[in-house]
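What follows is a single structure, written as structure tokens, with notes after it.
Both counts, for ligands and for their atoms, begin at 1 and track the order of listing.
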Amino acid sequence: MLDCAIIGGGPAGLTAGLYTTRGGLKNVTMFEMGMPGGQITQSSEIENYPGFFEHDKTGMDFMNTWQKQCFHFGLKHEMKKVERVSKTGEHFTVTLESGESVEAMTVVVCTGSTPKRAGFKGEDAFFGKGVSTCATCDGFFYKDKPVTVLGGGDTALEEALYLSNICSDVYVVHRRDTFRAAPPTIERIKKKSNIHLITDSVIEEAYGDAMGLAGVKIRNVKTDELTQMENTGLFVFVGHNVQNEVLKDENGAFICDVNDWGQVIVDLSMKTSVEGLYAAGDIRIEAPKQVVSAAGDGAVAALQVISTIQEQA
Ligand code: FAD
Ligand code: NAP
């Protein structure tokens, strides 16, 4: 029986692993289906993690030491995909894709939330090289420069407002002429003189060269007219896939409370509605979707796990 099963090996999972093992738990396993590190390993640089200010290091370099630190304190890593978590009496059963299962006294789910892709030409080729899904992470790279935002939901418009304080101009491209975002947010957008709404339009193509994105082509879906926007960063906010499959039972019902978008409802201790089950990082409600906050969540959850195990001893 594991003291704790951690599912997902991004910043939240690794930090939960560090704090549980360094805090004295002997039997903690992190199930990560790939190499540990999480989404940030896709990034060419990170400059908003406090204390880390090395421009020549990638997200992969940045996360390397996290793993070493955790394994040093005794965290075990199984490179396996988890299919499902279920509660059986007082304990949990973690079922792996291979069909094996493991019993655990507590579980911390840190499987993240992945931004959706819009599907236009060049999106994948220039992802991380001018195409971004994170204004907090990459907005500063476009200080006093123009950027284009794709999407018409709350995320797109809130991130456009954030970018408008950093960038010279923000061009919001939306495929319809009405916005899905909340009316007060739309009103705030309309009052910003450097935000320009380009409705009934989609990104036809993101183009560039080995140096990265050079510009975007925008197509009006009603007239088919093409407009070219040079020297712009492109931020894509077309929704998220919350990686919550492991929290569904065999009938597809969630084993703990989630909100309308599938984000796991937790309290300030990262406790879910199920005793002994915690959720940390981008998978939880109101996650700022940053490495620093995911790591903080992992630490908070781990401290709760330690007290839960102590109470049961
Ligand atoms: P994740 O990092 O998403 O990790 C989840 C892990 O769970 C993954 O490794 C996945 O393989 C694993 N997993 C999922 N399902 C299963 C399963 N069923 N079984 C086993 N394993 C599973 N943030 C910043 O603070 N600064 C930045 O500059 C920055 N730049 C970014 C650039 C890019 C290109 C991207 C994509 C993100 C960036 N972020 C940045 C955001 C940051 O990476 C995330 O907020 C952070 O990684 C979230 O951590 P997490 O541990 O919650 O989840
Ligand atoms: P969302 O509401 O699903 O909006 C996604 C937007 O992207 C929509 O405008 C959609 O257009 C557009 N889109 C989707 N696929 C596209 C594609 N392939 N090409 C071009 N455009 C595409 O996602 P979200 O904004 O991330 O929000 C998710 C949920 O979180 C929402 O329910 C939202 O209310 C909530 N949220 C709330 C807050 C808040 O309350 N402060 C903040 C952020 C998010 P259409 O409109 O035409 O479908």
Report the member of Val246, Thr111, Val292 with the shortest heavy-atom distance to atom 16 (C) of ligand 1. Thr111

Pick, from Gln39, Glu78, Met35, Gln42, the option with the minimum heavy-atom distance to atom 1 (P) of ligand 1. Gln39

With backbone taken as N, CA, C and O and side chain as the heavy atoms from C-beta onward, which portion of Asn48 lies under 4.0 Å from ligand 1: side chain, backbone, both, or neither? side chain

Regarding atom 13 (N) of ligand 2: of the candidates Thr178, Thr185, Val238, which has the closest heavy atom? Val238

Would you mind listing which atoms of ligand 2 come within a distance below 4.0 Å of any non-hydrogen atom of Arg176? 45 (P), 46 (O), 47 (O)

Atom indices of ligand 2 within 4.0 angstrom of Glu158 heavy atoms, with elements: 38 (C), 39 (C), 41 (N), 42 (C)

Does the side chain of Thr88 pick up a donor-acceptor pair with the side chain of Thr93 at under 3.5 Å? yes

Distance-only side-chain donor-acceptor flag, Thr114 / Gln243, under 3.5 Å: yes

Heavy-atom distance to atom 33 (C) of ligand 1: which of Pro288, Cys134, Ser43, Pro36 wins? Ser43

The option among Ala279, Gly112, Gly10 carrying the non-hydrogen atom nearest to atom 4 (O) of ligand 1 is Gly10

Below 4.0 angstrom, N of the basic side chain to O of the carboxylate: do Asp200 and Arg176 qualify? no

State if His174 counts as touching ligand 2 under the rule of any non-hydrogen atom under 4.0 Å. yes

Under 4.0 Å from one or more heavy atoms of Thr155, ligand 2 contributes atoms 24 (P), 25 (O), 26 (O), 27 (O), 43 (C), 44 (C)

Heavy-atom protein contact below 4.0 Å for atom 40 (O) of ligand 2: no

In ligand 2, which numbered atoms sit nearer than 4.0 Å to a non-hydrogen atom of Gly152? 6 (C), 8 (C), 9 (O)

Considering only protein heavy atoms, determine whether one is less than 4.0 Å from atom 28 (C) of ligand 2. no

Would you mind finding which of Gly239, Gly262, Gly153 brings a heavy atom closest to atom 23 (O) of ligand 2? Gly239

Quick check on Lys80 - does any of its heavy atoms sit under 4.0 Å from an atom of ligand 1? yes

